[in-house]
Amino acid sequence: MTFAPLTRSALALSLATLALAPGVALAEIVAEPQLAKTCLGAAAEKLGTRPGNLMTLPVERSRGTFTVNGQSDGGAVRMFSCTFDKHRKMTGMTIDGVAEAAANADVGGAPRAAIDKCLEMIGVPAKIETVSALKPGYFEIILRESASKRRVACTVPGDGHEISDWVELN
């Protein structure tokens with residue numbers, strides 16, 4: 001297969017783009033299956049699922065660090081990203097764009113496990129409107145779908161092991 005040579009204007013545009021974006025680092029796809037496996041294990045633990053329920057993109061190397069991006073498969077899709085240093089030691093993880101420490105924090109007074117259970121049940125991107133503490137250890141979480149006006153009330157224990165009540169509010 002042969003390609004037509006670049007015209008002068010296309011070549012000039014390409015060179016100008018590179019000159020205007022010197023800080024942009026191009027990531028290189030590398031064969032590092034152990035990094036992907038490590039990231040899958042860590043993400044599965046944090047998301048409370050099996051590694052088989054997660055998918056990753058190929059490992060990327062940029063400026064001496066490695067990144068593995070992935071997502072959950074099914075239910076409420078959760079995005080995650082793991083970073084590794086040049087010695088291939090994991091240096092951090094983000095879940096849904098939030099650093100690991102913040103991802104585990106309580107949201108509006110409800111434990112993250114309770115929030116995650118309700119978000120998993122709604123099955124589409126949603127925003128938390130309110131969180132109310134009920135009887136000891138239980139929370140009512142009002143969610144609104146991001147793409148519609150659908151609202152639900154989810155009653156769940158703090159450990160998120162089950163949904164006690166689910167009410168469609170619209």
Side-chain angles (χ1 to χ4, degrees), residues 27 29-62 65-85 87-170:
I29 304 297
V30 294
E32 293 282 349
Q34 190 59 40
L35 297 183
K37 186 176 178 181
T38 300
C39 184
L40 276 176
E45 181 180 334
K46 296 295 179 191
L47 295 173
T49 189
R50 296 185 341 246
N53 294 335
L54 304 174
M55 301 177 288
T56 62
L57 293 172
V59 178
E60 298 176 2
R61 179 175 53 202
S62 177
T65 62
F66 298 89
T67 304
V68 179
N69 295 301
Q71 73 178 44
S72 61
D73 188 19
V77 174
R78 305 287 305 273
M79 308 296 285
F80 60 90
S81 179
C82 303
T83 53
F84 298 83
D85 65 15
H87 302 293
R88 293 163 179 76
K89 179 182 175 197
M90 190 166 163
T91 58
M93 173 187 285
T94 59
I95 298 175
D96 295 329
V98 179
E100 181 181 358
N104 294 325
D106 288 357
V107 177
R112 189 75 213 187
I115 298 289
D116 288 346
K117 187 66 172 182
C118 293
L119 288 171
E120 179 182 328
M121 182 69 176
I122 201 166
V124 295
K127 295 179 181 167
I128 299 165
E129 286 190 348
T130 61
V131 175
S132 304
L134 300 177
K135 61 186 178 182
Y138 282 79
F139 299 88
E140 179 184 68
I141 301 165
I142 308 293
L143 302 167
R144 178 186 297 271
E145 283 188 10
S146 298
S148 74
K149 294 182 178 182
R150 178 180 174 219
R151 294 175 65 227
V152 298
C154 173
T155 303
V156 63
D159 64 5
H161 75 279
E162 67 178 355
I163 292 185
S164 302
D165 194 20
W166 184 267
V167 178
E168 299 281 337
L169 299 175
N170 298 22

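Quick note: numbers below take in every heavy atom, side chains included, and nothing from hydrogens, waters or symmetry partners.
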Return the [atom1] to [atom2] distance between [X] and [Y], rounded to the nearest 0.5 Å.
| X | Y | atom1 | atom2 | answer |
| --- | --- | --- | --- | --- |
| Leu169 | Glu129 | CG | CD | 8.5 Å |
| Thr38 | Lys89 | OG1 | NZ | 13.0 Å |
| Phe66 | Glu32 | CZ | CD | 5.0 Å |
| Leu40 | Met55 | CG | CE | 10.5 Å |
| Cys82 | Lys46 | SG | NZ | 11.0 Å |

Working for side-chain contact (heavy atoms from CB on, under 4.5 Å), residues Arg88 and Leu35: CA-CA 7 Å; Arg88 293 163 179 76; Leu35 297 183; 3.8 Å; yes
Does any non-hydrogen side-chain atom of [Y] lie less than 4.5 Å from one of [X]?
| X | Y | result |
| --- | --- | --- |
| Phe84 | Val59 | no |
| Ile115 | Val131 | yes |
| Thr67 | Ser81 | yes |
| Asp116 | Arg78 | yes |
| Cys39 | Met90 | no |
| Asn69 | Met79 | no |

Residues Ile122, Arg150; criterion side-chain contact (heavy atoms from CB on, under 4.5 Å); working and verdict: CA-CA 10 Å; Ile122 201 166; Arg150 178 180 174 219; 3.7 Å; yes
Show the nearest heavy-atom pair for residues [X] and [Y], with the distance to one decimal.
| X | Y | answer |
| --- | --- | --- |
| Gly158 | Ala113 | O-CB, 3.9 Å |
| Leu54 | Ala44 | CD1-N, 3.4 Å |
| Val156 | Glu162 | CG2-O, 3.1 Å |
| Pro111 | Phe139 | CD-CE1, 3.4 Å |
| Ser164 | Tyr138 | OG-CE2, 3.2 Å |
| Phe80 | Gln71 | CE2-N, 3.2 Å |

Backbone of Thr83 reached by a side-chain donor or acceptor of Thr91 within 3.5 Å: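 Yes: the side chain of Thr91 pairs with the backbone of Thr83.
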Side-chain donor or acceptor of Thr56 paired with backbone N/O of Val68 under 3.5 Å: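 Checked: no pair found.
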No-hydrogen, no-angle side-chain donor-acceptor test under 3.5 Å, Asp85 and His87: no
Steps toward side-chain contact (heavy atoms from CB on, under 4.5 Å) verdict (Cys118, Leu143): CA-CA 8 Å; Cys118 293; Leu143 302 167; 3.8 Å; yes
